[in-house]
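Labels below follow one simple rule: chain letters A, B, ... track the order of the sequence lines, proteins then strands, and each chain is numbered from 1. Everything quoted here is computed from the prediction, not taken from an experiment. Reckoned from all heavy atoms, side chains included, excluding hydrogens, waters and symmetry mates.
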Number of protein chains: 2
Amino acid sequence: MANAAAARRGSLSMMATVATPGAASVKRLTSPEEELLKNTDVFIFDCDGVIWRGDSLIDKVPSVLEKLRAMGKRMFFVTNNSTKSRKGYKSKFSSLGLDVQDEEIFSSSFAAAAYLEQKNFKATGKKVYVIGEVGIGEELDLIGVPHIGGPADKGKTIELTPGYALEIDHDVGAVVVGFDRHFNYHKIQYAQLAINENGAEFIATNMDAVTHLTDAQEWAGAGSMVGCIKGCTGKEPTLVGKPSPLMIDYIVYKYKIPKDKICMVGDRLDTDILFGKDNGLKTVLTLSGVTSEEKLLGAANKIHPDFFVSSIADFFP
Amino acid sequence: MANAAAARRGSLSMMATVATPGAASVKRLTSPEEELLKNTDVFIFDCDGVIWRGDSLIDKVPSVLEKLRAMGKRMFFVTNNSTKSRKGYKSKFSSLGLDVQDEEIFSSSFAAAAYLEQKNFKATGKKVYVIGEVGIGEELDLIGVPHIGGPADKGKTIELTPGYALEIDHDVGAVVVGFDRHFNYHKIQYAQLAINENGAEFIATNMDAVTHLTDAQEWAGAGSMVGCIKGCTGKEPTLVGKPSPLMIDYIVYKYKIPKDKICMVGDRLDTDILFGKDNGLKTVLTLSGVTSEEKLLGAANKIHPDFFVSSIADFFP
């Protein structure tokens, strides 16, 4: 998909501005200093398709980030992927030669912990049941909230005998559901009982239908695991990752930065750009990921970023 | 739940008719011959809560069925449970001492096969990918439609290496999703690719949130597996079990019976009774399952069967 988009970009990259019926307000960024940099204090970057594609860094990204830092800009890196903690993500940045701080990383695993911290969940003395991988548990450890499930429930099966009941811990006060490649019926039933019978809060790291576990194909995302728990509980989750406003509220509150000084940079119209617009941020779409210029400028597209770029290298032409 | 309902029934069973603001039109069946039997040619019975509870037959059911047969009534037994085929269900009836025919049993596994037969799916030369247990595959075998997945994909895992892609059979033209206690990420991704990339039709046996695998607690139902595939595809399935009208259409078409001569008998307001009413059938709610008389007659209930009974033994007082 990214390759096809890249091929399409090649054929259209000579056009600096394009007027189509559906996209009158979409403009290529041509004077970055004037149009963007001087009015922006914080950049929120989506990672996949913006900073890297799969395991490869996107061209010129390190120098762009360096130049932004030299100008005193603050930056955050967001990802809906909950499989790693912020610490886990820092290793990925380091392996690609990027020096970022833990607190600059907003993974949805961190978002789940930040939400529970904000609610003062710890004071309830309750536990969290986790559907997901190591990232969620690592973030819960950092805020001192006890948790069960997660990787420990990998491979568990339900052996049904007449009268059998799955016993659950009645201290489970929240169920956090994220991407989990070891999802199984034990976990489904545990979550169902905790939510339906304990009254535990149902929290989703994200609801992305597909994700990019490898470059070779799209993979069923956390939307699968969350959809499953919706299906057996009839309940809607509290969403903490994109496009929930929680992360923006957190940045505004913690760093005292007005929203109009924040710019969301992403490669997806219906998640990143919509998320930015819904939260009152400036928005820049980069064509270095899954969105093609045809799609962006087509009449069918109703989601219009303030600017678009071929990649964030266009911030410093 | 059934026990609590039974306890509540006991305290109210002396009241033959009850008038409450929300349930003016709900009437206890008092003259079955006059009110029901003489105008009904076909009875469609939900199984769990009507014929049996878990592994126990409900009192007097064999003699009720015998008397109905002696009167020349036709009967069908419906269940949204897809884990068994009709043949598999016949064994359950036999083990409880009930003599029923294969063609009197409408399991949702059969409904999926009947739907594909009606569409002439076999003529496409395509295969079905199954998320579910043995029942679905057994029914597909009977109509000569090839299938993969199902119990054969139990225990499969995805080992992610850079560039890895799960290869799927490009001849998969439909994905049938039912209850599957060996649900795993391999199955989720297989179904996601078949639907999103092959364009396979997404068929759900049923979307029940919970089911009664054992009497001891409610278990996450096929709504879990279906919700999961909705979550990663963004698509709504074709529903073949209750409350889809497919089964009624099949009975009307195959046996040439007008809908007003058919009565749906069930223990759930929001599935069985709603299903009957939506399809223009007569409806009888039995209190022998999950619905209490208070709930039925309460102002909050907006789903009104034509009659209610303590159990189907009330058909022959």
Side-chain angles (χ1 to χ4, degrees), chain A residues 54-56 83 154-155 157-168 177 179-193 195-197 204 206-235 237 270, chain B residues 54-56 83 154-155 157-168 177 179-193 195-197 204 206-235 237 270:
Chain A
D55 290 323
S56 318
T83 61
K154 171 181 170 180
T157 56
I158 298 282
E159 295 304 329
L160 286 173
T161 46
Y164 175 73
L166 177 67
E167 291 293 334
I168 68 163
V177 182
F179 178 78
D180 187 341
R181 84 200 72 183
H182 299 293
F183 197 45
N184 60 42
Y185 186 66
H186 172 95
K187 298 182 185 186
I188 298 169
Q189 174 64 358
Y190 206 108
Q192 186 270 122
L193 292 171
I195 294 166
N196 282 346
E197 303 197 355
N206 75 92
M207 293 169 69
D208 296 355
V210 293
T211 184
H212 294 94
L213 299 184
T214 68
D215 287 344
Q217 66 185 184
E218 292 200 317
W219 293 83
S224 322
M225 292 80 207
V226 174
C228 180
I229 305 307
K230 285 168 69 171
C232 61
T233 61
K235 299 216 163 61
D270 58 357
Chain B
D55 290 323
S56 318
T83 61
K154 171 182 169 180
T157 56
I158 297 281
E159 293 305 328
L160 286 173
T161 47
Y164 175 72
L166 177 65
E167 291 293 333
I168 68 161
V177 182
F179 178 78
D180 187 341
R181 85 199 70 182
H182 299 293
F183 198 44
N184 61 41
Y185 187 65
H186 172 94
K187 298 181 185 186
I188 298 169
Q189 173 65 356
Y190 206 108
Q192 186 269 122
L193 291 172
I195 294 166
N196 282 347
E197 303 197 356
N206 74 93
M207 292 169 68
D208 296 356
V210 292
T211 183
H212 294 94
L213 299 186
T214 69
D215 287 345
Q217 66 185 184
E218 292 201 317
W219 293 84
S224 322
M225 291 81 206
V226 175
C228 180
I229 305 306
K230 285 168 69 170
C232 61
T233 62
K235 299 217 163 58
D270 58 357

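The aromatic rings of B/Tyr185 and A/Phe179 lie perpendicular to each other, with more than 60° between the two planes, well past the 30° mark.
Looking at A/Ile229, there are no atoms closer than 4.5 Å to chain B (heavy atoms on both sides), in backbone or side chain. Residue contact with chain B, scored on non-hydrogen atoms closer than 4.5 Å, is absent for A/Tyr190.
Of the N and O atoms on the side chains of A/Gln192 and A/Glu197, not one donor lies less than 3.5 Å from an acceptor on the other residue.
The most heavy-atom pairs under 4.5 Å with chain B, out of A/Val226, A/Ile188, A/Thr233, come from A/Ile188. By number of non-hydrogen pairs under 4.5 angstrom with chain A, the leading residue of B/Leu213, B/Asn196, B/Asn184 is B/Leu213. The residue among B/Ile158, B/Thr157, B/Leu160, B/Val210 with the most heavy atom pairs within less than 4.5 Å of chain A is B/Leu160. For the set B/Ala209, B/Cys228, B/Ala165, B/Gly231, the count of heavy-atom pairs under 4.5 angstrom toward chain A peaks at B/Cys228. With respect to chain A, the highest number of heavy-atom pairs below 4.5 Å among B/Cys232, B/Gly155, B/Ala222, B/Ala216 belongs to B/Cys232. Ranked by heavy-atom pairs under 4.5 Å with chain A, the list B/Gly227, B/Gly223, B/Ser224 is led by B/Ser224.
A donor-acceptor pair is defined here as one N or O able to donate and one able to accept, closer than 3.5 Å; no such pair exists between the side chain of A/Thr214 and the backbone of B/Pro162. A distance-only check finds no donor-acceptor pair linking the side chain of B/Asp208 to the backbone of B/Thr211 [under 3.5 Å].
Within the 4.5 Å cutoff, side-chain heavy atoms of B/His182 are placed close to those of B/Lys187.
Heavy-atom minimum distance, A/Arg181 versus A/Thr83: NH2-CG2, 4.3 Å.
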